[in-house]
Amino acid sequence: MALVACTDCGAQISDKAPTCIKCGAPRGQAADLPGVVTTQQTAKKYKGLQLVAVLLCAAGTVSCVAKEIPASALLWTLGFVLYVAARFSAWWRHG
Ligand SMILES: [Zn+2]
């Protein structure tokens, strides 16, 4: 058994203890929980999609500034649809 410092109050607590005996704070990061880790791994795919969507919208904005209105409208529409699809997929999978 090893002693670790509580992340909230700094008290020395057992590394086997689920919560701090002094302040009651849960020990360790929330990411240590299996469900959260799984969600973060699958969420990376959706974050990638959202990044592409944001880049498409940014390209659309640049096209608009460059007076390339048809290209701008197309890029914005693609970006918006992709963003909504990514958000919906993430919601569908994670609730
Ligand atoms: Zn504590």
Side-chain angles (χ1 to χ4, degrees):
M1 189 185 88
L3 288 177
V4 293
C6 170
T7 52
D8 266 39
C9 70
Q12 292 292 307
I13 55 172
S14 164
D15 62 349
K16 301 282 192 293
T19 57
C20 173
I21 50 167
K22 194 174 172 188
C23 73
R27 209 181 57 75
Q29 300 300 309
D32 291 343
L33 300 170
V36 174
V37 172
T38 306
T39 304
Q40 283 178 340
Q41 281 168 350
T42 53
K44 274 183 185 171
K45 189 173 73 180
Y46 302 125
K47 280 180 183 165
L49 275 175
Q50 283 176 47
L51 182 66
V52 172
V54 168
L55 287 175
L56 278 171
C57 287
T61 304
V62 171
S63 300
C64 190
V65 170
K67 303 274 190 269
E68 297 284 343
I69 305 301
S72 172
L74 182 69
L75 286 165
W76 260 105
T77 306
L78 275 175
F80 180 76
V81 168
L82 190 63
Y83 185 82
V84 170
R87 291 299 306 167
F88 182 79
S89 300
W91 167 80
W92 186 261
R93 182 143 182 171
H94 298 144

Note, Ile69 side chain near Cys64 side chain (heavy atom, < 4.5 Å): yes
From Leu56 atom CG to Phe80 atom CZ, the distance as rounded to the nearest 0.5 Å: 13.5 Å
Approximate separation, where rounding is to 0.5 Å, of Leu82 CG and Arg87 CZ: 12.5 Å
Where Ala86 and Leu49 come nearest, the two heavy atoms and their spacing: CB-CB, 3.6 Å
Path from Tyr83 to Tyr46 over hydrophobic side-chain contacts below 4.5 Å: no
Min side-chain heavy-atom separation Ile13-Val4 under 4.5 Å: yes
Least distance between heavy atoms, Gly60 atom then Ser72 atom: O-OG, 2.8 Å
Nearest-0.5 Å distance, OG of residue Ser89 to CD of residue Gln50: 9.5 Å
Exercise: identify the closest heavy-atom pair between Gly10 and Ala5: O-CB, 4.1 Å
